[in-house]
Amino acid sequence: MNQVMGGTLARWLTGPRVAGLPAPAEMPAPRLSFEFFPPRTDKLEEQLWACIRRLEPLAPRFVSVTYGAGGSTQERTHATVARIVTETTLTPAAHLTCVGATREEVDAVARRYWAAGVRHIVALRGDPPAGAATYTPHPGGYAQAEDLVRGLKRIGDFEISVGAYPETHPAALSAEADLDFLKRKIDAGATRAITQYFFDTEVYLRFLDRCLAKGITVPIVPGILPVSNFQQVVKFSAMCGASVPAWMGQLFEGLEEDAETRRMVAAVVAAEQVRLLQANGVDEFHFYTLNRPDLTYAIAHILGARPRKA
């Protein structure tokens with residue numbers, strides 16, 4: 001027994017020391033933004049607005065509202081964004097895609113946003129419509145996100161965010177070709193890129209190195225997805241090209257019927273991820289809330305965000 005304890009103590013005393021992350025007080029609270037998706041039912045609309053009201057006091061830099069494939073949620077997206085403008089203190093960013101519409105139709109939507117006071121657009125190529133295996137540009141539409149960015153700039157002086165893929169877009173010919181696409185979107189007028197979610201911090205940091213080497217100097221904001229339903233994330237990640245580390249599966253193992261513990265594990269995983277990024281100098285985060293605010297609120301608190309005083 002003494003020999004075993006002695007060996008353990010010796011290992012503790014002689015092993016490498018891992019410095020702790022900086023205390024929250026040592027780093028300023030980062031800039032935050034939150035993503036919501038438009039509701040499909042009245043009940044889901046109640047859930048969305050409960051989420052918006054919960055996160056509003058954190059005074060995010062902006063909040064984005066997604067856009068269904070083929071414009072399937074166009075009207076609900078516009079209604080949600082317009083309501084955010086008139087009923088909250090938040091700055092909305094509306095998603096806009098190239099899918100299933102002519103240039104004239106997309107331009108008309110953009111002009112409606114401008115007239116409603118929206119000055120920030122998240123410009124995306126968009127996913128293929130339901131039932132389609134691959135993306136096909138509309139014959140009279142914008143072919144790619146870079147074309148959409150140029151079109152938006154002709155309509156108004158929008159602030160434009162675009163998507164970025166640290167692990168490469170699944171439809172890209174190569175990682176280098178994907179980075180070329182991102183560079184063209186920036187050169188067309190985008191002022192920020194928001195990444196697909198990732199779980200390995202090194203993946204994102206290496207991506208930043210590659211972006212800088214390519215001459216991309218706009219902010220590359222990490223997209224953060226707090227995970228409470230692990231199996232669902234595994235399925236979605238297989239479609240969008242995001243890797244799920246084996247250690248993450250081990251953390252959620254055996255919790256399929258234990259939602260409360262899953263939420264606790266999710267908070268720990270996401271908080272550790274963002275704290276490590278913050279320690280590496282990242283000062284802006286974009287949270288995919290899934291219209292569920294509590295995990296995002298808790299992680300933002302850990303990062304140093306506090307409700308704005310009335």
Side-chain angles (χ1 to χ4, degrees), residues 11-35 55 57-64 161 163-168 175 179 182 191-214 216-228 230 233 237 242-252 262-290 293-308:
R11 188 168 65 251
W12 290 351
L13 293 173
T14 60
R17 294 290 186 266
V18 178
L21 292 173
E26 296 175 8
M27 294 181 288
R31 291 168 291 180
L32 304 176
S33 55
F34 305 131
E35 180 174 294
L55 297 175
L58 296 179
R61 189 173 185 182
F62 64 90
V63 296
S64 66
S161 297
Y165 296 84
E167 297 178 89
T168 306
L179 200 59
L182 176 58
T191 52
R192 171 193 298 100
I194 300 171
T195 77
Q196 174 64 277
Y197 68 83
F198 56 91
F199 301 111
D200 183 346
T201 300
E202 277 299 312
V203 165
Y204 169 78
L205 296 176
R206 288 196 299 268
F207 182 65
L208 290 188
D209 291 336
R210 294 178 55 231
C211 286
L212 186 59
K214 181 65 72 172
I216 297 171
T217 57
V218 302
I220 309 293
V221 182
I224 304 297
L225 177 66
V227 175
S228 57
F230 179 71
V233 165
S237 298
S243 63
V244 181
W247 56 260
M248 199 169 177
Q250 294 169 352
L251 288 179
F252 284 97
R262 285 205 312 269
R263 282 192 290 270
M264 296 170 69
V265 172
V268 170
V269 170
E272 188 174 84
Q273 179 186 23
V274 295
R275 291 273 289 124
L276 184 55
L277 288 169
Q278 195 181 28
N280 276 279
V282 179
D283 62 357
E284 188 168 356
F285 297 90
H286 184 76
F287 285 92
Y288 299 110
T289 70
L290 303 182
D294 291 339
L295 271 176
T296 296
Y297 191 97
I299 297 160
H301 183 90
I302 290 170
L303 286 170
R306 295 294 181 270
R308 178 177 43 204

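Counting from 1, the numbers follow the sequence of the chain as shown. These numbers come from the heavy atoms of this one structure, side chains and all, not from hydrogens, waters or symmetry mates.
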Counting C-beta onward and ignoring hydrogens, is there a side-chain heavy-atom pair between Ile224 and Thr296 closer than 4.5 Å? no

Decide yes or no for Thr201 and Leu277: does some side-chain heavy atom of the first lie under 4.5 Å from some side-chain heavy atom of the second? yes

Are the side chain of Arg262 and the backbone N or O of Ser228 linked by a donor-acceptor pair below 3.5 Å? yes

When rounded to the nearest 0.5 angstrom, what distance separates CD1 in Ile216 from CG in Leu208? 10.5 Å

Minimum heavy-atom distance Ser33-His286, with the two atoms named: OG-ND1, 2.6 Å

Tell me whether Arg210 contacts the main-chain N or O of Ala175 through its side chain, where contact means a donor paired with an acceptor under 3.5 Å. yes

Tell me whether Thr289 contacts the main-chain N or O of Glu35 through its side chain, where contact means a donor paired with an acceptor under 3.5 Å. yes

Is there a side-chain contact between Val63 and Leu55 (heavy atoms, below 4.5 Å)? no

What distance do Ile220 atom CD1 and Glu284 atom CD have between them, rounded to the nearest 0.5 Å? 10.5 Å

Minimum heavy-atom separation for Ser243 to Phe199, with atom names? O-CD1, 3.5 Å

Rounded distance [0.5 Å steps], CG in Asp283 versus CD in Gln278: 9.0 Å

How would you list, by chain and number, every residue that makes a side-chain contact (heavy atoms from CB on, under 4.5 Å) with Glu272, sequence neighbours excluded? none

Check: Val227 and Met248 side chains under 4.5 Å, non-hydrogen atoms: yes

Atom of His301, atom of Arg306 and distance for their closest heavy-atom approach: O-NH1, 2.8 Å

Phe285 and Phe287 aromatic ring geometry - parallel, tilted or perpendicular at 30°/60° bounds: tilted

I'd like to check the side-chain contact (heavy atoms from CB on, under 4.5 Å) partners of Ala305; sequence neighbours left out, ordered by chain and number. Leu32, Leu58, Ala300

Can you find a pair of side-chain heavy atoms, one from Leu276 and one from Asn280, that are under 4.5 Å apart? yes

Shortest non-hydrogen contact from Leu295 to Arg263? CD2-O, 3.6 Å

On a heavy-atom basis, which atom in Val269 and which in Leu251 lie closest, and how many Å separate them? CG2-CD1, 3.6 Å

Which heavy atom of Tyr288 sits nearest to which heavy atom of Gly223, and what is that distance? CE1-CA, 3.5 Å

Of Tyr165, Tyr204, Phe207, the one forming a ring-ring contact (aromatic ring centres under 6.0 Å, His included) with Phe198 is Tyr204

So how far is it from Ile299 CD1 to Gln273 CD, rounded to the nearest 0.5 Å? 8.5 Å

